[in-house]
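Input: a single structure, listed below in structure tokens.
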Amino acid sequence: MIQVKKLNKSFGRVHVLKDIDLQVNESDVVVLIGASGSGKSTLLRCLNFLEIEDSGEIYIQGQLVDPRKDDLNRVRQQVGMVFQHFNLFPHMNVLENVIEAPVQVKGMAKEEAKKLALSYLEKVGMADRADAYSSQLSGGQKQRVAIARALAMEPRVMLFDEPTSALDPELVGEVLGVMKELAREGMTMVIVTHEMGFAREVGDKVVYLDEGRIVEEGTPEEIFEYPKEERTREFLSKVL
Amino acid sequence: MIQVKKLNKSFGRVHVLKDIDLQVNESDVVVLIGASGSGKSTLLRCLNFLEIEDSGEIYIQGQLVDPRKDDLNRVRQQVGMVFQHFNLFPHMNVLENVIEAPVQVKGMAKEEAKKLALSYLEKVGMADRADAYSSQLSGGQKQRVAIARALAMEPRVMLFDEPTSALDPELVGEVLGVMKELAREGMTMVIVTHEMGFAREVGDKVVYLDEGRIVEEGTPEEIFEYPKEERTREFLSKVL
Amino acid sequence: MGFGEIFRSTMSSFLEATWVTIEITALSLILGTVLGLVFAFFKISSIKPLQWLANLYITIIRGTPLIVQIAFFYFGLAQIGINMDSFTAGVAALGIHAGAYIAEIFRGAIQSIDRGQMEAARSLGMSQRLAMRRIILPQAFKRSLPPLGNQFIIGLKDSSLVAYIGVSDLYGVALSEAAANYQQFETYAINGLYYLVLVLIFTLLLNRMEKRLDVDGGTR
Amino acid sequence: MGFGEIFRSTMSSFLEATWVTIEITALSLILGTVLGLVFAFFKISSIKPLQWLANLYITIIRGTPLIVQIAFFYFGLAQIGINMDSFTAGVAALGIHAGAYIAEIFRGAIQSIDRGQMEAARSLGMSQRLAMRRIILPQAFKRSLPPLGNQFIIGLKDSSLVAYIGVSDLYGVALSEAAANYQQFETYAINGLYYLVLVLIFTLLLNRMEKRLDVDGGTR
Amino acid sequence: GSSEGVRKWKLREEGTLTFAMSGLYKPYNFRQQGELTGFDVEIGKALAKEMGLKPKPVTNPFETIVAGLQTRKYDAVIGSMGITEERKKAVDFSKPYYRSGAQIFVDQGNRDIRSPEDLKGKTIGVVKATTYKDEALKYSDDIKEYTSDVTALQDLPTGRVDAVITDEGLGDYAILHDHLPIDKVGKPLTQDEMGIAVRKGNPQLVKAINQALDRIVENGTYDRISKKWFRRNILH
Ligand SMILES: Nc1ncnc2c1ncn2[C@@H]1O[C@H](COP(=O)(O)OP(=O)(O)OP(=O)(O)O)[C@@H](O)[C@H]1O
Ligand SMILES: Nc1ncnc2c1ncn2[C@@H]1O[C@H](COP(=O)(O)OP(=O)(O)OP(=O)(O)O)[C@@H](O)[C@H]1O
Ligand SMILES: [Mg+2]
Ligand SMILES: [Mg+2]
């Protein structure tokens with residue numbers, strides 16, 4: 001599904017990602033964990049080419065992507081992304097947010113896009129708020145709309161960057177619920193999160209990043225119960 | 001220590017606190033919990049007269065405080081407060097933040113205030129950063145300085161309003177650590193928090209607020225293990 | 001003579017001049033808005049020469065007094081054969097002047113839109129261009145309305161300077177009236193009143209417009 | 001005649017006039033800053049009549065063109081016995097004009113300081129007054145520096161209008177030079193250049209000052 | 001005069017004659033190398049010297065020059081101000097200190113305008129608040145107002161005005177010395193007497209100025225200044 005080989009990325013003189021190798025299989029849920037600044041967001045953004053790697057290779061569906069030559073707009077259609085701060089378009093209502101890309105990017109007919117959009121809004125439980133603007137929604141509702149918006153492009157994989165960390169504690173559950181449902185349906189997902197309980201429940205693979213390096217990866221059980229590395233243990237002792 | 005009787009407070013037509021009765025004994029740690037908007041912050045701010053109640057009585061050290069007549073600046077010196085967003089004074093360094101009130105309000109000599117300040121900074125583990133400005137500190141460090149600043153006025157009681165909710169998860173521990181230490185030393189405290197583990201560990205009394213009313217109060221065990229009210233149970237099921 | 005008398009005697013010429021002031025303000029602000037849009041895009045474009053051009057324009061206009069620009073436009077340019085009547089020269093100078101400020105307003109508004117908006121749009125597969133047109137510009141336009149309104153009011157007051165190239169606008173008429181009736185105090189006070197009323201009306205209209213455009217509640 | 005010749009022939013008078021412009025700008029901005037401080041406090045004070053006074057002042061000044069204010073100050077006030085020479089009237093008019101804008105800058109800066117700062121100060125037992133002096137104002141002052149600097153540059157350019165009450169400032173000299181040498185194009189272009197250089201130097205100095213005041217890194 | 005007399009002149013500044021002009025009226029008054037100079041300025045200086053005063057020429061836009069005088073911004077206007085009945089209501093005048101006429105000027109080679117009658121419907125440029133404006137209004141409604149006669153004349157070649165009415169001597173000088181491509185049309189429209197304006201209610205100062213004027217005419221100073229700028233005596 002996605003394969004990353006020897007990925008390196010620096011910002012100026014800061015070497016943020018170091019020789020990252022990562023394999024994301026079809027229908028896998030991969031959870032990235034690590035301290036603030038360890039490079040989790042940067043890695044996720046590289047998978048979507050919002051950041052362009054300095055060296056290394058990224059294969060999407062077995063296809064090597066050359067960000068300097070390939071049409072990234074096409075690649076990105078296969079890789080949906082959900083951000084910490086939702087980034088709903090505030091000048092559009094919920095429905096318009098969701099149909100925007102299908103209509104403008106894929107050239108889908110408006111009526112068809114609406115049907116599609118409503119089906120995804122239904123899935124995240126937001127169909128009844130289709131007319132609302134983002135300023136009228138709670139954080140959890142915004143995030144669910146953002147998920148529906150990404151899903152409406154029917155991507156092959158979904159990336160989530162701390163999707164619940166800007167939410168009030170009581171609103172976290174509704175968003176995690178939607179994500180669990182997606183996992184159950186077999187969606188391939190890469191998730192950066194601090195919700196360790198959730199990671200344990202839905203993750204097929206947990207990857208621990210420290211200072212731009214993958215220190216350890218394995219099943220949730222391996223990582224949370226029997227971490228091999230001292231650094232992993234130390235990190236987990238702080239966050240669990 | 002603090003006694004609240006039939007406290008009512010409205011903002012415009014919104015009745016935020018309804019007939020609140022609350023008793024905080026010497027050396028008690030009282031934890032306020034409740035959903036967003038239930039009035040926790042407002043109650044805390046009333047104890048410190050940052051908000052003035054509409055009706056009801058507040059006794060500090062057995063003394064009824066009439067906010068329209070009494071010198072609130074004197075009362076507030078007995079009641080330290082720590083805010084969610086730290087509110088360090090950004091144009092002063094750490095030491096200056098801490099000595100500001102002792103020198104300006106109590107008229108303490110600068111040298112004496114410095115010694116006092118350093119002892120409290122020592123207590124919160126920030127003495128070595130006395131020269132730093134708040135922009136150079138992490139969230140957890142800021143919050144520890146804010147605690148030292150409040151302590152330097154040697155209050156009889158400390159109020160905490162979600163002292164860790166603006167912190168990155170890994171930084172929460174250091175602040176809770178300082179608070180536990182205070183509790184151990186017998187400081188009287190009223191704490192609004194979402195950290196239920198912490199509440200259970202240090203709380204002498206847990207008070208559950210809903211829509212401006214105290215629904216239930218009791219020891220941590222009573223509230224967390226055997227809640228009597230349906231509403232309490234529902235709330236706890238969401239946040240635990 | 002008192003206020004009342006001066007007010008009556010100047011009324012017909014001031015009212016006529018009010019139209020001149022409104023006309024010259026409106027035309028120059030239309031010109032300024034167009035220029036502002038163009039140069040805002042120049043400034044955020046990735047083509048260096050366009051950036052330079054925009055920077056040069058903005059620096060010169062913002063670095064020199066409006067009255068010098070007006071004099072240069074009317075007297076200076078005529079000398080090298082660019083020959084405008086005073087009304088046209090006034091509109092051109094005021095418009096080009098406002099354009100530099102409006103360009104900065106638009107640029108600021110575009111750059112104030114949260115980076116996340118562009119990233120969200122790109123992550124959905126939208127091109128830079130499409131994202132700009134559909135996502136960034138509509139939000140930026142809305143956000144630029146308050147400073148734009150402010151700039152419009154500045155433009156209204158600035159238009160008074162065209163009196164010195166012979167336009168009979170509100171202030172130009174005040175100059176002539178005061179020179180004829182020798183009642184400086186009353187004449188300029190009344191003249192100021194006309195401007196004040198215009199500015200207050202203008203402010204009211206702008207506030208209404210802003211509210212009207214905000215009905216969908218679609219701000220962050 | 002070409003640029004070079006006009007440049008040389010106007011140099012000594014322009015240089016002299018540069019000092020006049022600097023002087024009048026500096027004095028008027030000192031006056032404006034003092035007025036701005038006073039009226040900013042009036043506006044945020046809880047005493048209604050002071051608020052009204054501040055609102056009246058700010059509305060009138062911001063609602064009328066500067067040139068009308070200058071004419072009113074020089075000619076209008078003289079008629080009722082307040083007689084200033086043109087330099088003094090220029091300083092007064094420019095200063096009172098700038099004061100209204102500066103008042104809004106200070107007020108905005110004070111109100112932009114996070115409410116939490118005042119609450120933290122009060123919760124430590126500081127009085128409203130003490131908290132204002134020790135906590136709010138130092139931060140507000142720093143925050144008002146960039147817009148204040150901007151206002152100073154506007155003041156420099158605005159000073160050109162005192163030429164019309166007979167001050168021989170940079171623009172006033174340009175007017176008379178152009179009337180004597182018949183070279184409008186070159187004279188106004190060179191005149192603009194003098195202003196541009198002044199504005200750029202001024203900008204540089206302000207940026208330096210802002211940086212100097214920011215060394216403690218003490219901003220939120 | 002005696003110090004007793006000087007006090008009666010009610011000068012703005014003790015021992016100084018402050019006199020105003022537009023400074024935009026070459027060759028009568030204008031700036032050269034930053035210094036005010038011209039016929040008016042030199043006459044003012046000569047008069048001040050006769051009166052035992054320090055001369056201080058200042059500038060003021062012409063449209064507000066009477067206002068400035070009335071409000072004590074200066075003691076006199078020595079700025080080529082024509083003596084009119086209208087102005088006499090506002091200020092007092094000295095004897096005439098030169099005579100000149102309002103003259104029509106057009107762009108060089110203009111064949112349309114050959115007499116004042118041809119001005120009908122044409123755009124005429126004049127300076128605000130001058131007698132030339134009143135004159136122009138007799139021929140056309142289409143008046144364009146300037147702050148300086150020089151800039152008005154310069155607008156003839158640009159075609160933004162069809163004709164300019166201004167002082168004959170001023171136009172002559174522009175043609176001769178500054179090679180402005182303009183022509184005179186016909187004879188002067190008027191014979192104007194130019195006076196030194198003084199605030200009302202100050203007869204002592206008027207008297208002193210008149211006496212000083214007489215003396216510089218008698219001792220040849222006036223003649224010398226006049227010939228320097230115009231190659232002739234413009235008092236007669
Ligand atoms: N656009 C950028 N320019 C410069 N440095 C950057 C940029 N983006 C990230 N960095 C730096 O790269 C490092 C990794 O950042 P990244 O955001 O990937 O960390 P993270 O693991 O997502 O942290 P967090 O949990 O705080 O979101 C940090 O040191 C950060 O300061
Ligand atoms: N200054 C104010 N003006 C008007 N309404 C206010 C004000 N402060 C609080 N409120 C309202 O009072 C109610 C209680 O607010 P409060 O901040 O006390 O809740 P809370 O329990 O602290 O919530 P949270 O967990 O979100 O901090 C809310 O409905 C809030 O909107
Ligand atoms: Mg991140
Ligand atoms: Mg709260």
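In what follows, every chain begins at residue 1, and chains take the letters A, B, ... in the order their sequences are listed. Both backbone and side-chain heavy atoms feed into the values below; hydrogens, waters and symmetry mates do not.
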Over 12 non-hydrogen atoms of neighbours within 6.0 angstrom of CZ in D:Phe202: yes

Within 6.0 Å of CD in B:Gln61, more than 12 heavy atoms from elsewhere: yes

Interatomic spacing from CE in B:Met81 to CG in D:Leu124 - rounded to 0.5 Å: 11.0 Å

Options D:Gln128, D:Met126, D:Arg134, ranked by heavy-atom pairs under 4.5 Å with chain B, top entry: D:Arg134

Chain D contact via B:Arg149 - which portion, at a heavy-atom distance below 4.5 Å: both

D:Tyr101: partners by ring pair (Phe, Tyr, Trp, His ring centres under 6.0 Å), with sequence neighbours left out: D:His97

Under 4.5 Å from a heavy atom of chain D, the part of B:Gln78 involved: neither

Rounded distance (nearest 0.5 Å) linking atom CG of B:Asn87 with atom CZ of D:Arg115: 10.5 Å

From CD (D:Gln139) to CE (B:Met92), nearest 0.5 Å: 8.5 Å

B:Lys106 NZ: over 12 foreign heavy atoms closer than 6.0 Å: yes

Interchain contact, B:Val82 with chain D, by part (heavy-atom threshold 4.5 Å): neither

Contact summary for B:His91 and D:Pro138, nearest pair of heavy atoms: CD2-CB, 3.5 Å

D:Gln117 side-chain N/O to B:Leu88 backbone N/O, donor-acceptor pair under 3.5 Å: yes

Closest heavy-atom pair and its distance - D:Ala120, B:Phe89: CB-CE2, 4.1 Å

Beyond-backbone contact of B:Asn73 with D:Arg122, side-chain heavy atoms, under 4.5 angstrom: yes

Heavy-atom neighbours of B:Glu57 CD exceed 12 at 6.0 Å: yes

Value rounded to 0.5 Å, distance of CE in B:Met153 from OG in D:Ser123: 9.5 Å

Which portion of D:Ile135 sits near chain B, non-hydrogen atoms under 4.5 angstrom: both

